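Throughout, a chain's letter reflects where its sequence line sits, starting with A, and its residues are numbered from 1. From a predicted model like this one, the values you see are computed outputs, not experimental measurements.
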2 protein chains.
Amino acid sequence: MARSPAPRRSRGTGRVRIEDVAREAGVSAQTVSRFLRAPAQVGPEASARIEAAVRAVGYVPNLVAGSLASNRSRIVAIIVPTLANPVHAQPVQGLGDALRPQGYQVLVGTTDFQAETEEALIRAFIGRRVDGLAVTGGSFAEPSRQVLAAAGIPVVQLWELPEDPFDMTVGLSNDAIGARMAAHFAERGYSRLAVIGHAEASDTRSAGRVTGFCAEAARLGLPEPLVLLPERPMLIRDAAPLLDRLAEAHVDAVFCTSSQLSVVLLLNARSRGLAVPGDLAIGGIDSDFATVVEPAITAIRVPAYDVGLQAGHLLLRRLAGETVPERRIDTGFTFIQRGST
Amino acid sequence: MARSPAPRRSRGTGRVRIEDVAREAGVSAQTVSRFLRAPAQVGPEASARIEAAVRAVGYVPNLVAGSLASNRSRIVAIIVPTLANPVHAQPVQGLGDALRPQGYQVLVGTTDFQAETEEALIRAFIGRRVDGLAVTGGSFAEPSRQVLAAAGIPVVQLWELPEDPFDMTVGLSNDAIGARMAAHFAERGYSRLAVIGHAEASDTRSAGRVTGFCAEAARLGLPEPLVLLPERPMLIRDAAPLLDRLAEAHVDAVFCTSSQLSVVLLLNARSRGLAVPGDLAIGGIDSDFATVVEPAITAIRVPAYDVGLQAGHLLLRRLAGETVPERRIDTGFTFIQRGST
DNA sequence: CCGTTTCATGTTAGCGTTAACAGTGCGCCA
DNA sequence: TGGCGCACTGTTAACGCTAACATGAAACGG
């Protein structure tokens with residue numbers, strides 16, 4: 001008697017498969033698969049039976065198997081420095097909102113500002129065969145460039161507007177932000193200007209705003225603005241020496257390149273009895289608190305949510321097979337005049 | 001001549017596979033797979049050759065195929081209402097920080113406070129065969145319960161402490177927060193208390209804090225606190241009528257259950273010339289701005305990041321096959337005495 | 001009325017990995 | 001010296017789905 005080989009222990013997960021639905025509905029697995037992905041291609045009777053069968057057996061498609069077979073994961077990844085800062089959490093929300101209606105899910109990675117983490121995340125995400133990738137900044141060291149090129153997926157850089165992006169980019173010009181505020185100050189008749197930035201060299205955002213501010217002031221023929229770069233521009237007590245320096249230089253309008261600082265400065269100025277904007281006009285970056293203080297602060301709003309949303313739309317177009325000519329999208333920003341200037 | 005069947009067009013992706021590495025290294029695919037997942041099981045010579053081969057051919061493992069074969073995705077999903085609010089973005093960060101060292105990635109879904117979205121997300125995540133799930137709140141309607149039960153994965157509810165959780169839960173008691181602040185007021189000698197909450201009925205967080213505050217006041221024999229539930233507790237102008245009502249009732253200490261409100265109230269009180277805490281003591285929920293104003297606000301800090309971190313640790317233990325006896329983790333909160341009380 | 005297109009469905013063969021099992025060779029000990 | 005265990009590596013067959021191709025019937029058009 002021929003010895004049959006020992007039956008291999010099943011690896012099955014015991015869960016409901018597409019085959020079970022097919023049997024229940026009296027059609028082939030392929031027809032069930034079609035019904036789920038492109039219902040229009042399936043006849044009405046079969047559709048009804050399949051729908052009932054799916055419900056009856058409690059079928060939840062295994063998208064992992066689907067991804068492997070179709071070579072599309074319907075997952076898009078996004079890399080941000082941290083989710084603790086709303087300015088970086090918002091684009092994740094925007095990206096998700098853009099992609100969810102099309103059946104995509106969002107995988108998030110946080111780098112904690114470490115470039116090597118970015119590289120590791122890119123490898124991990126490519127390994128998961130994500131269909132698209134959004135990266136905050138995006139240093140893209142050589143290994144990453146190769147991995148990304150080999151993957152052949154669309155990639156969007158966020159918050160940057162390089163002349164020649166790696167693939168696509170969505171961001172805004174910090175120079176333009178600085179320039180806009182300088183122009184506003186000039187328009188309102190202020191002339192002894194100052195700008196408070198952030199000393200951290202890696203904070204290119206703040207640096208760009210300072211540069212743009214000064215350049216525009218020069219262009220308009222105003223005296224060179226006072227530039228202050230405190231290390232840690234946060235607490236009330238840090239604001240006092242800054243106010244002293246502004247007073248010494250007879251500054252009549254100051255632009256704070258971080259959202260918290262403008263609020264702190266304003267509170268401190270008021271408690272000193274300074275009139276805002278009479279003695280000192282203050283412009284800043286928008287936040288919830290910019291509208292809560294008295295007077296509300298004239299501010300520039302950076303469209304963090306939109307950065308993610310636009311990135312999502314770009315990715316979707318590419319994922320739909322479209323050739324997207326725009327490689328750089330400038331989201332711009334909103335200038336909001338309030339009481340403080 | 002036997003007609004050979006037309007060669008089926010290849011579905012290959014043209015990308016480097018484990019087979020390519022195996023050929024290059026002169027070993028079997030299985031050995032390469034082992035080297036990648038459990039290097040200790042592979043001999044030193046083979047290891048060296050495989051390592052070189054991986055580099056030479058630029059291999060990035062296809063984790064989708066791996067997930068299908070092993071029935072483990074090494075992905076954990078988290079569902080939050082929105083990422084725009086740091087209190088919900090922080091747990092995502094915490095979860096990621098807990099899981100990343102173990103090679104897990106985080107898939108995020110946002111519900112925008114819609115219960116039906118929660119259900120759709122749960123289905124989608126289960127379809128992707130996530131290994132674990134964290135859900136903010138977690139209403140878990142019947143269909144979701146079934147899907148989750150069938151999936152047999154660990155599930156953590158965030159921010160809740162139900163007596164009988166669906167599976168596991170990490171959160172804190174809002175009642176206890178209210179009680180703590182009431183006790184603090186009593187300790188400092190205040191007796192005419194008030195609490196400002198939020199009218200929105202779905203805001204169970206605020207409701208719990210109000211209840212706990214009043215209960216503790218009663219327990220300590222203080223007069224019944226004044227309870228105010230404004231619709232939209234945000235702007236300076238909204239704060240003025242609140243201050244009027246507090247004055248009418250001769251309130252000497254007020255607890256604001258939302259972080260912004262305490263700041264707004266304090267700024268307004270000061271601009272009216274009220275002494276804080278002399279005329280009115282103010283307690284709140286901690287935020288960046290609670291420390292920025294003058295005086296800094298006595299506040300309770302809710303450990304949003306820790307909620308995610310602890311959830312991650314719970315999930316990891318279960319994913320490691322451990323039986324976890326604790327089904328409810330109370331993260332507690334921190335009381336921070338500052339100048340405003 | 002017959003070739004051609006269209007529609008609906010079925011059959012087959014992977015997608016790229018890992019679980020399960022099967023050696024093979026060596027060291028060790030009775 | 002033979003038997004056993006251990007360390008390492010290889011072979012085979014899934015995992016659950018979908019792309020590609022095949023088939024048959026209905027619709028269509030000159």
message = For Glu142(B), is the CD atom crowded, meaning more than 12 foreign heavy atoms sit under 6.0 Å from it?
response = yes
inquiry  = By the 4.0 Å heavy-atom rule, please label Tyr59(A) as base, sugar-phosphate, or nothing.
reply    = sugar-phosphate
key: Spacing of Asn71(B) atom CG relative to dA19(C) atom P, expressed in whole Å   = 10 Å
query = Side-chain N or O of Ser33(B) less than 4.0 angstrom from OP1 or OP2 on dT17(C)?
reply = no
task = Please work out if Ile18(A) contacts a base, only the sugar-phosphate, or nothing of the nucleic acid, heavy-atom cut-off 4.0 Å.
result = sugar-phosphate
ask   = What's the spacing between Arg100(A) CZ and Gln102(A) CD if we round to 0.5 Å?
value = 12.0 Å
query = Whole-Å distance between dG14(C) P and Arg15(B) CZ?
reply = 21 Å
ask   = Glu19(B) CD to dT12(D) P: how many Å, rounded?
value = 13 Å
task = Round to a whole Å and report the spacing from CZ of Arg23(B) to P of dG16(C).
result = 13 Å
What nitrogen or oxygen pairs link the protein and nucleotides 7-10 of chain C at under 3.5 Å?
residue: dT9(C); atom: OP2; partner: Gly43(A); partner atom: N; Å: 2.5
residue: dG10(C); atom: OP2; partner: Ser28(A); partner atom: N; Å: 2.8
residue: dG10(C); atom: OP2; partner: Ser28(A); partner atom: OG; Å: 2.9
residue: dG10(C); atom: OP2; partner: Thr31(A); partner atom: OG1; Å: 2.7
residue: dG10(C); atom: O6; partner: Arg34(A); partner atom: NH2; Å: 2.6

message = Measure CZ/Arg17(A) against P/dA14(D) and give the value in whole Å, please.
response = 12 Å
query = Are Thr110(B) and Val106(A) side-chain neighbours, meaning at least one heavy-atom pair lies under 4.5 Å?
reply = no
Donor-acceptor under 3.5 Å (Arg128(A) side chain, Leu63(B) main chain) = no
request  = Rounded off to whole Å, could you give me the CG-to-P distance for the Leu63(B) and dT17(C) pair?
outcome  = 9 Å
Between the first and last five pairs of the helix from dC1(C)-dG30(D) to dA30(C)-dT1(D), the angle of the axes, rounded to 10 degrees = 30°
ask   = Asp131(A) side chain to Arg74(A) main-chain N or O, any donor-acceptor pair under 3.5 Å?
value = yes
inquiry  = So that I can tick it off, tell me whether Arg55(B) and Glu51(B) are bridged by a salt bridge, with the cut-off set at under 4.0 angstrom between side-chain N and carboxylate O.
reply    = yes
key: Integer-rounded Å distance: dT18(D) P and Arg72(A) CZ   = 11 Å
remark   = OG1 (Thr136(A)) and CD1 (Ile79(A)) are apart, to the nearest 0.5 Å, by 8.0 Å
query = How long is the line joining CG of Asn62(A) and P of dA14(D), in whole Å?
reply = 17 Å
inquiry  = For Glu118(A) and Ser139(A), which I'm curious about, is there any donor-acceptor pair between the side chains at under 3.5 Å?
reply    = yes
query = Would you say Arg37(B) reaches dT18(C)'s phosphate, i.e. side-chain N/O to OP1/OP2 under 4.0 Å?
reply = yes
Whether over 12 other heavy atoms sit under 6.0 Å from Arg327(B) CZ = yes
